[in-house]
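Some notes on the structure that comes next.
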Amino acid sequence: MVSAGLGNMGGAQPLAIKMLGGIALIADVDKRMIQRMIDTGYLDTWTDNLDKAIDMALDAKERRQATSIGILANAVDLLEKLIKENIVPDILTDQTPAHDSLSYVPKDSPLNKPSN
């Protein structure tokens with residue numbers, strides 16, 4: 001399962017997918033959100049490297065090990081990488097706050113710099 005957004009709307013996704021035996025790969029541009037999900041046990045691990053995140057997910061899939069992986073990146077960058085690698089997720093969702101123009105970070109936005 002691939003998604004984006006680990007804030008209030010999407011924060012429970014990684015734990016839910018893991019509880020169902022799946023592998024969650026979730027992008028967020030805010031490292032604080034990723035860290036909060038790790039601290040609360042909703043997310044297992046994270047990286048800021050797209051290749052590493054995808055490799056971690058594919059390895060977990062091969063081993064049939066439920067896990068959740070956060071990737072510090074814009075969702076569009078993750079999706080473009082998956083397309084380039086010809087990887088099609090079983091489930092694709094989006095929990096980014098598109099309704100909140102002050103929180104949504106489009107790919108070409110000058111704000112699209114992952115925060116630390």
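The first residue of the sequence shown is numbered 1, and numbering continues consecutively from there.
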message = Could you list the cluster mates of Ile91? Members are the ILVMFWY residues connected by side-chain heavy atoms closer than 4.5 Å, either directly or through other members.
response = Met1, Ile17
task = State, yes or no, whether a side-chain contact exists between Arg32 and Gln35 at a heavy-atom distance under 4.5 Å.
result = no
query = Does Glu62 reach the side chain of Leu58, with side-chain heavy atoms less than 4.5 Å apart?
reply = no
request  = Could you tell me which non-hydrogen atom of Leu82 sits nearest to which non-hydrogen atom of Val2, and how far apart they are?
outcome  = CD1-CG2, 3.8 Å
request  = Would you mind listing every salt bridge (charged side-chain N to carboxylate O under 4.0 Å, His left out) that reaches into residues 38-52, with sequence neighbours excluded?
outcome  = Lys18-Asp44, Asp51-Lys81
remark   = Rounded to the nearest 0.5 angstrom, the CG-OG1 distance for Leu72 and Thr47 is 8.5 Å
request  = Hey, could you give me the OG/CD1 distance between Ser3 and Ile71, rounded to the nearest 0.5 Å?
outcome  = 14.0 Å
query = Any idea which heavy atoms bring Ile23 and Ile69 closest together, and the distance?
reply = CG2-CD1, 4.4 Å
Nearest non-hydrogen partners of Leu25 and Ile54, listed with the distance = CD2-CG1, 4.3 Å
task = Write down the atom of Ile26, the atom of Pro14, and the distance for their closest heavy-atom approach.
result = CD1-CD, 3.6 Å
ask   = Are Met56 and Leu50 connected in the hydrophobic side-chain network, where two residues link if heavy atoms are under 4.5 Å apart?
value = yes
request  = Taking all non-hydrogen atoms of both residues into account, name the closest pair between Ala75 and Ala4 and its distance.
outcome  = CB-CB, 3.3 Å
message = Please find the pair of heavy atoms, one from Tyr42 and one from Ser68, that lie closest to each other, and give the distance.
response = O-OG, 3.8 Å
task = Could you tell me the separation between the CD atom of Glu80 and the CD1 atom of Ile83, rounded to the nearest 0.5 Å?
result = 7.0 Å
